[in-house]
Visitor: 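Please find one structure pasted underneath; my questions will follow.
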Amino acid sequence: MVDSEVLDRVKGCLLGGAIGDALGYAVEFSSLERIRVKYGADGIADYELDPTSGEAIFSDDTQMSLFTAEGLLSAVKPGEPLDFDAAIRSIHLAYLDWLETQRSRTARTDEGASRLMREPKLFRDRAPGTTCLSALRSGNCGSPEAPINNSKGCGGVMRVAPIGALNANLSDAEVVRLGAAAAAITHGHSLGYMPAGVAALAVRRLIYAPTGSVVETLRSSCADALALFADDPNVDALKSLLDKALDLAARGGDDAENVAAIGEGWVGEEALAIAIYCAARWENDFSRCVVAAVNCDGDSDSNGAVAGNILGAALGASRIDAKWLEKLELRGLIEEIAGDLANGGRGRDR
Ligand SMILES: [Mg+2]
């Protein structure tokens, strides 16, 4: 029996990421100046709905997060220990399924296909990252030990929240390693995969070990996750950027200026730091958090996705304004997957 508060936070994490992604996707390639010309001085603060479906559509960030979840769920059973290597192989296979959704425009109908591969709305081009596409097309599976390339794009950190959201008997170090390894499947630079380890641990603690202070949990997650990468030559750069994000959040001031001082978010360390800034700054206000994350010159949808994952995990779906949930595409599917993650595995064979 899943604790209802845990389930609420797991749903908040997945839905929150999809909401931030969908909000930001409308302005992913717009400068802040252009965003303000179009939406006013406060920038974009509500969905730009898809004219055909009338829904808020999300991008590759959420697509790939769902495939991370599905890969993970294929490798675990409720109450049983997780086999690390099997989990990574399974996540890689799920990413190859996602690659198939970008090559084909037709959902599968056969019984053997996963629920994601039977969903026509996932067979859509939503500005997928070129590093993810090229790494997966190679057929190889990268790892921190055998980097597939030298990319530190944010395509790793944007998709690993389900790893922290899984209800499994894992140590903190295992969660960090799994998050980093899932990112390293496609991103070989340590600033591409270390942020994913940090994000997975932050989500994990916010859902399964809440202390009441989001800021303190974020601070301890950053410190403890980075301690596991102490030998990495880039760990100090990541640590300084995360410290800067937490300091700016504590100081307050103008979000757009603070986000710009951190970066744009196209690379892993900046997307994580911007998300942590927004979640720490607005720890009790989901809407202000995602609005702060997407109104920038940079990678609005990924910044929004990671910020939404983190604060959604902290607050739970019940503290996300209904206006964000009502128009979100595939909300039912996202909630079903969240239920399986909270359950520690699929409730029944699919
Ligand atoms: Mg995207």
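Both counts, for ligands and for their atoms, begin at 1 and track the order of listing.
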Visitor: For Asp83, look at atom CG and say whether over 12 heavy atoms of other residues, nucleotides or ligands are found less than 6.0 Å away.
Guide: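 Atom CG in Asp83 is crowded, with more than 12 foreign heavy atoms closer than 6.0 Å.
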Visitor: Could you confirm whether Glu28 has any N/O/S atom lying under 2.8 Å from the Mg ion (ligand 1)?
Guide: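 No, outside the cut-off.
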Visitor: Look at Asp243 together with Lys239 and state whether they make a salt bridge at an N to O cut-off of under 4.0 Å.
Guide: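 Yes, charged N to carboxylate O under 4.0 Å.
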Visitor: Of all N, O or S atoms in Asp60, which has the smallest distance to the Mg ion (ligand 1)?
Guide: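 For Asp60, the N/O/S atom sitting closest to the Mg ion (ligand 1) is OD1.
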Visitor: So, of the N/O/S atoms that Asp301 has, which is the nearest one to the Mg ion (ligand 1)?
Guide: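 Distance check against the Mg ion (ligand 1) picks out OD2 in Asp301.
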Visitor: One thing to verify: whether Arg126 and Asp301 come together as a salt bridge, which I'm taking to mean a side-chain N less than 4.0 angstrom from a carboxylate O.
Guide: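 No, Asp301 and Arg126 are not salt-bridged.
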Visitor: Confirm or rule out an N/O/S atom of Asp61, from backbone or side chain, lying less than 2.8 Å from the Mg ion (ligand 1).
Guide: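 Here the distance criterion (N, O or S atom, under 2.8 Å) is met by Asp61, so yes.
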Visitor: Is the Mg ion (ligand 1) under 2.8 Å from any N, O or S atom of Ser59?
Guide: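 Short answer: yes, at least one N, O or S atom is under the cut-off.
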Visitor: If the threshold is 4.0 Å, N to carboxylate O, is there a salt bridge linking Arg124 and Glu329?
Guide: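 No, this pair does not count.
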Visitor: Looking at the Mg ion (ligand 1), is one of the N, O or S atoms of Asp299 less than 2.8 Å from it?
Guide: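 Short answer: no, not a single N, O or S atom is under the cut-off.
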Visitor: Could you tell me whether Asp110 atom CG has more than 12 heavy atoms of other residues or ligands within 6.0 Å of it?
Guide: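 Count over threshold, so yes.
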